[in-house]
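Starting from 1, each residue takes its place in the sequence as its number.
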Amino acid sequence: MNSKNNSSRRRQEGKKSTPLSRKPANKKSVKKEFKKITPTKPSDVTSGIRLNKYIANSGVCSRREADTYIEHGSVEVNGKLVTEMGYKVQPDDVVRFDGTSISPEQKKYVLLNKPKNYITTMDDDRGRKTVMELIANSTKERIYPVGRLDRNTTGLLLFTNDGDLAKKLTHPKHNVRKLYHASLDKKLDLKDLEKLRGEVIIEGRKVFIDAVSYVNNEPKSEVGIEIHSGRNRIVRKIFESLGYKVNKLDRVVFAELTKKNLPRGRWRELTNLEVTNLKMMK
């Protein structure tokens, strides 16, 4: 009987001594051990900014265009050619685009009411006046014109270093609204006005005219025409195809931006609401 009791006592003691059955004395110590085995990611995996976004933020071009430039070897980081799309730029990296150092800048949006006799280009080797002279004091960031207005065309011209927005506003698929006031060399016949409301072919390509009409309370030589095409000198070519010469051409609306309270030759920054509306355009 005693031997049975001793055997039972030994079995119970053996159970108590089993490591797997022992409860932790301190939960805090278990948590500490768990922290020690948690893997951490290296900082260079999660930090930095993708190279195409970095280029777009510098105002050079859109992200999609940046991918093409990267692929074709236009970008160097720290003196080495980078063609990897997912490369992430670190804060101390030096990025060069076509040999020129670039860096992300604060986004700026400037609207100019362009006067006549200024060309839409960054500089001119023939010494002609450029639109950049008119907005020289608008911001310290490098901004670029969105689209073009020819030398003799006046009116709204947007400047920005936001490459993605610039691409959006110039791509035909977004149908960005452009309204012009054209002053012709003679009255526009009603039959020709009706022709402009139909299918118009210029240089072998169809041009979509969204709306066209005489300007209210003005001679019949004053015409309003709304298009979304960005082709060079397209409004002048439209009227020339019908035998009219455009003496004056003024862009009065661009992407729902107007010339209200903006005298000729002056500029202003867009409001936050205007920028938001432009970005929300489909």
Asker: With a cut-off of 3.5 Å and sequence neighbours excluded, list every side-chain donor-acceptor pair involving residues 69-78.
Answerer:
| unit_1 | atom_1 | unit_2 | atom_2 | d |
| --- | --- | --- | --- | --- |
| H72 | ND1 | T68 | O | 2.8 |
| N78 | OD1 | V94 | N | 2.8 |
| N78 | ND2 | D93 | OD1 | 2.9 |

Asker: Quick check for you: to the nearest 0.5 Å, what is the distance between I202 atom CD1 and S241 atom OG?
Answerer: 3.5 Å
Asker: Compare all side-chain heavy atoms of F208 with those of N175 and state whether any distance is below 4.5 angstrom.
Answerer: no
Asker: Taking it one step at a time, do N152 and K248 satisfy side-chain hydrogen bond (donor to acceptor under 3.5 Å, both in side chains)?
Answerer: CA-CA 8 Å; N152 293 323; K248 295 180 182 179; over 6 Å; no
Asker: Under 4.5 Å between side-chain heavy atoms, hopping through other hydrophobics if needed: is there a path connecting W267 to L278?
Answerer: no
Asker: Would you name the heavy atoms of L157 and P145 that are closest together and state the gap between them?
Answerer: CD2-CB, 4.4 Å
Asker: Is V212 linked to L184 within one hydrophobic cluster, defined over Ile, Leu, Val, Met, Phe, Trp and Tyr using a side-chain heavy-atom separation of less than 4.5 Å?
Answerer: yes
Asker: Should E194 and K191 count as an ion pair when the cut-off is N to O under 4.0 Å?
Answerer: no
Asker: Measure the CD1-CZ distance between I143 and F159 for me, rounded to the nearest 0.5 Å.
Answerer: 6.5 Å
Asker: Could you walk me through whether V207 and R231 pass the side-chain contact (heavy atoms from CB on, under 4.5 Å) check?
Answerer: CA-CA 9 Å; V207 177; R231 290 166 56 183; 3.5 Å; yes
Asker: Spell out, as yes or no, whether a donor-acceptor pair under 3.5 Å connects the side chain of N161 to the backbone of Q106.
Answerer: yes
Asker: Set out, in order, the CA-CA distance, both residues' side-chain angles and the distance that settles side-chain contact (heavy atoms from CB on, under 4.5 Å) for L193 and L190, then state yes or no.
Answerer: CA-CA 5 Å; L193 179 66; L190 183 58; 4.0 Å; yes
Asker: Can you measure from CG (N52) to CZ (R64) and round to the nearest 0.5 angstrom?
Answerer: 11.5 Å
Asker: State which residues pass side chain to side chain donor-acceptor pair (under 3.5 Å) with N247; sequence neighbours excluded, sorted by chain then number.
Answerer: none
Asker: If you define the side chain from C-beta out and look only at heavy atoms, does anything of T276 sit under 4.5 Å from K279?
Answerer: no
Asker: Given side chains that start at C-beta, do those of R128 and T121 come closer than 4.5 Å, heavy atoms only?
Answerer: no
Asker: Would you say Y87 and F97 are hydrophobically clustered, going by side-chain heavy atoms of ILVMFWY under 4.5 Å?
Answerer: yes
Asker: With a 4.5 Å limit on heavy-atom distance, are the side chains of I119 and K129 in contact?
Answerer: no
Asker: Nearest 0.5 Å, please: how far is CG in D67 from CG in L51?
Answerer: 9.0 Å
Asker: Let's go through R264 and D250 carefully: what are the C-alpha distance in whole Å and the side-chain angles of both, what is the deciding distance for salt bridge (charged side-chain N to carboxylate O under 4.0 Å, His left out) to 0.1 Å, and is it a yes or a no?
Answerer: CA-CA 11 Å; R264 186 87 72 219; D250 187 38; 3.2 Å; yes
Asker: How long is the span from the CZ atom in R63 to the OH atom in Y54, to the nearest 0.5 Å?
Answerer: 14.5 Å
Asker: Can you check side-chain contact (heavy atoms from CB on, under 4.5 Å) on D192 and Y244, steps first, answer last?
Answerer: CA-CA 10 Å; D192 290 329; Y244 298 86; 2.5 Å; yes
Asker: When you compare the side chain of S101 with that of V95, does any pair of heavy atoms fall below 4.5 Å?
Answerer: no
Asker: Are R268 and E274 within salt-bridge range, i.e. N to O under 4.0 Å?
Answerer: yes
Asker: Quick check against the 3.5 Å criterion: does T153 have a side-chain atom that pairs as donor or acceptor with the backbone of L149?
Answerer: no
Asker: Do M132 and L112 belong together in a cluster built from hydrophobic side chains that touch within less than 4.5 Å?
Answerer: yes
Asker: Taking C-beta and beyond as the side chain, do Y214 and E222 meet within less than 4.5 Å on heavy atoms?
Answerer: no
Asker: Okay, side chain of E218, backbone of V215: is any donor-acceptor separation there less than 3.5 Å?
Answerer: no
Asker: Specify the closest pair of heavy atoms between K178 and S229, including all atoms of both residues, with the distance to one decimal.
Answerer: NZ-O, 3.6 Å
Asker: Flag the pair K108 and D162 as a salt bridge only when some basic side-chain nitrogen lies within less than 4.0 angstrom of an acidic carboxylate oxygen.
Answerer: no
Asker: Could you tell me which non-hydrogen atom of K167 sits nearest to which non-hydrogen atom of S62, and how far apart they are?
Answerer: CB-CB, 3.6 Å
Asker: Could you grab the distance from atom CG of L270 to atom OG1 of T160, nearest 0.5 Å is fine?
Answerer: 8.0 Å
Asker: Can you check whether D150's main-chain N or O pairs, donor with acceptor, with K114's side chain at less than 3.5 Å?
Answerer: yes
Asker: Sub-3.5 Å donor-acceptor pair from the side chain of R148 to the main-chain atoms of T120, do we have one?
Answerer: yes
Asker: Answer whether the closest heavy-atom distance between the side chains of R197 and I209 falls below 4.5 Å.
Answerer: no
Asker: Using the rule that two of Ile, Leu, Val, Met, Phe, Trp, Tyr join whenever any of their side-chain heavy atoms come within less than 4.5 Å, decide whether M281 and L179 are in one cluster.
Answerer: no
Asker: Checking side-chain contact (heavy atoms from CB on, under 4.5 Å) for the pair N57/I49: CA distance, chi angles, key distance, verdict?
Answerer: CA-CA 10 Å; N57 287 352; I49 178 175; 3.5 Å; yes
Asker: So do the side chains of L169 and H174 get within less than 4.5 Å of each other, counting heavy atoms only?
Answerer: no
Asker: Would you name the heavy atoms of Y118 and T130 that are closest together and state the gap between them?
Answerer: CD2-O, 3.3 Å
Asker: Looking at E240 and K245, is there a salt bridge between them, counting it only when a charged N and a carboxylate O are closer than 4.0 Å?
Answerer: no
Asker: Salt bridge between D189 and K220, side-chain N to carboxylate O under 4.0 Å?
Answerer: no
Asker: For K195, what residues pass the side chain to side chain donor-acceptor pair (under 3.5 Å) criterion, not counting sequence neighbours?
Answerer: none
Asker: Could you pull out the closest heavy-atom pair between P115 and L134, with the gap in Å?
Answerer: CD-CD1, 3.4 Å
Asker: Return yes if some donor-acceptor pair links the side-chain N/O of N113 with the main-chain N/O of K259 below 3.5 Å, else return no.
Answerer: no
Asker: Charged N to carboxylate O below 4.0 Å: is that the case for K237 and E203?
Answerer: yes
Asker: So for atom CE, which belongs to M280, do other residues, nucleotides or ligands contribute more than 12 heavy atoms lying within a distance under 6.0 Å?
Answerer: no
Asker: In terms of heavy-atom contacts, does CG of N137 have more than 12 from other residues, nucleotides or ligands at under 6.0 Å?
Answerer: no
Asker: Is it true that D210 and R177 make a salt bridge, defined as a side-chain N closer than 4.0 Å to a carboxylate O?
Answerer: no
Asker: On a heavy-atom basis, which atom in V176 and which in A255 lie closest, and how many Å separate them?
Answerer: CG1-CB, 3.5 Å
